Amino acid sequence: MDCLFCGIVAREIPATVVHEGPRTLAFRDLNPQAPTHVLVIPKDHHATAAALADADPAYAGEVLAAAAAVARMEGLDSGYRLVANTGDDAGQSVSHLHWHVLGGRVLDWPPG
Ligand code: 5GP
Ligand code: ZN
């Protein structure tokens with residue numbers, strides 16, 4: 001399978017890794033939309049949060065816990081946003097679940 005984020009997990013594609021767990025990886029987004037913009041992924045390939053929650057709910061929880069750890073490490077004490085774009089209408093461009101951790105500024109709501 002040709003998956004960009006599986007390539008990052010395999011260290012075939014370089015990324016700035018900020019957090020790693022046994023089954024999770026977190027790295028900085030190449031095109032940051034906020035002062036902190038980190039992507040948190042399961043190392044195993046699952047297309048969406050729903051797919052992972054169906055396949056392995058505990059693993060889905062691990063990925064969320066990793067996102068929370070990243071927010072703490074990045075000092076996002078005044079708030080942050082977790083986003084998992086899912087499917088075409090949401091603009092999901094990589095079919096490997098990734099939680100965006102966004103923070104470090106006041107975030108607009110609703111998003112555009
Ligand atoms: P999506 O649009 O699927 O929700 O998010 C995909 C994210 O991956 C985008 O924010 C994009 O900037 C980021 N991205 C795309 N290619 C790369 C890459 O090669 N390395 C990193 N670190 N981020 C990437
Ligand atoms: Zn993948």
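Ligands are counted one by one from 1 in listed order, and the atoms in each one are counted from 1 as well. Every value quoted in this text rests on a predicted model; they were computed, and no experiment measured them.
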**Fill in**
Residue, atom and distance of the protein heavy atom nearest atom 16 (N) of ligand 1 read L4 CD2, 3.3 Å
**Complete:** Which atom of H45 is nearest the Zn ion (ligand 2), counting N, O or S only? It is ND1
**Request:** Without swapping roles, check the side chain of R81 against the backbone of D108 for a donor-acceptor pair under 3.5 Å.
**Result:** yes
**Prompt:** Non-hydrogen atoms of Q33 versus ligand 1: any pair closer than 4.0 Å?
**Reply:** no
**Complete:** Rounded to the nearest 0.5 Å, the NZ atom of K43 sits from the CZ atom of F5 at a distance of 15.5 Å
**Asked** Any link between V17 and L39 through a network of hydrophobic side chains (Ile, Leu, Val, Met, Phe, Trp, Tyr) touching at under 4.5 Å?
**Response** yes
**Request:** Would you kindly confirm whether V9 and F27 end up in one hydrophobic cluster when ILVMFWY residues are joined by side chain heavy atoms under 4.5 Å apart?
**Result:** yes
**Prompt:** How does V83 reach ligand 1, by side chain, by backbone, by both or by neither, if only non-hydrogen atoms under 4.0 Å count?
**Reply:** neither
**Request:** First locate atom CG of L64, then atom CG of L82, and finally report the distance between them rounded to the nearest 0.5 Å.
**Result:** 7.0 Å
**Asked** In Å, rounded to the nearest 0.5 Å, how long is the span from CG of L107 to OH of Y80?
**Response** 12.0 Å
**Prompt:** Under 3.5 Å, is there a donor-acceptor pair between the side chain of Y59 and the main chain of R23?
**Reply:** yes
**Item:** Nearest-contact summary for atom 5 (O) of ligand 1 - protein heavy atom, Å
**Value:** H98 NE2, 3.0 Å
**Asked** Taking the six-membered ring for Trp, are H96 and H45 parallel (under 30°), tilted (30 to 60°) or perpendicular (over 60°)?
**Response** perpendicular
**Prompt:** Quick one: which ligand 1 atoms are inside 4.0 Å of a heavy atom on F27?
**Reply:** 22 (N)
**Request:** Distance to 0.1 Å, residue and atom name: give those for the protein heavy atom nearest to atom 22 (N) of ligand 1.
**Result:** R28 O, 2.8 Å
**Request:** For ligand 1, note which part of L30 has a heavy atom under 4.0 Å away: side chain, backbone, both or neither.
**Result:** both
**Prompt:** Which ligand 1 atoms are under 4.0 Å away from a heavy-atom of S93?
**Reply:** 1 (P), 2 (O), 3 (O), 5 (O), 6 (C)
**Asked** Does E74 come within less than 4.0 Å of R28, counting only side-chain N to carboxylate O?
**Response** yes
**Message:** What do you get for the angle at the Zn ion (ligand 2) between SG on C6 and SG on C3, to the nearest 10 degrees?
**Reply:** 120°
**Prompt:** Out of the N/O/S atoms in H96, what is the name of the one closest to the Zn ion (ligand 2)?
**Reply:** ND1
**Item:** CG-OG1 distance between D44 and T24, expressed to the nearest 0.5 angstrom
**Value:** 11.0 Å
**Request:** Any atoms of ligand 1 less than 4.0 Å from a non-hydrogen atom of F5? List them with their elements.
**Result:** 8 (O)
**Message:** I'd like to know if the Zn ion (ligand 2) has an N/O/S atom from H46 within less than 2.8 Å of it, counting both backbone and side-chain atoms.
**Reply:** no
**Message:** Once rounded to the nearest 0.5 Å, what's the spacing between atom CD of E62 and atom CG of D56?
**Reply:** 7.5 Å
**Request:** Would you mind listing which atoms of ligand 1 come within a distance below 4.0 Å of any non-hydrogen atom of V94?
**Result:** 3 (O)
**Request:** Select one of side chain, backbone, both or neither to describe which atoms of T16 lie under 4.0 Å from any atom of ligand 1, heavy atoms only.
**Result:** neither
**Item:** Non-hydrogen atom of G91 closer than 4.0 Å to ligand 1
**Value:** yes
**Request:** From the options N31, D29, N85, select the one whose nearest heavy atom is closest to atom 11 (C) of ligand 1.
**Result:** D29
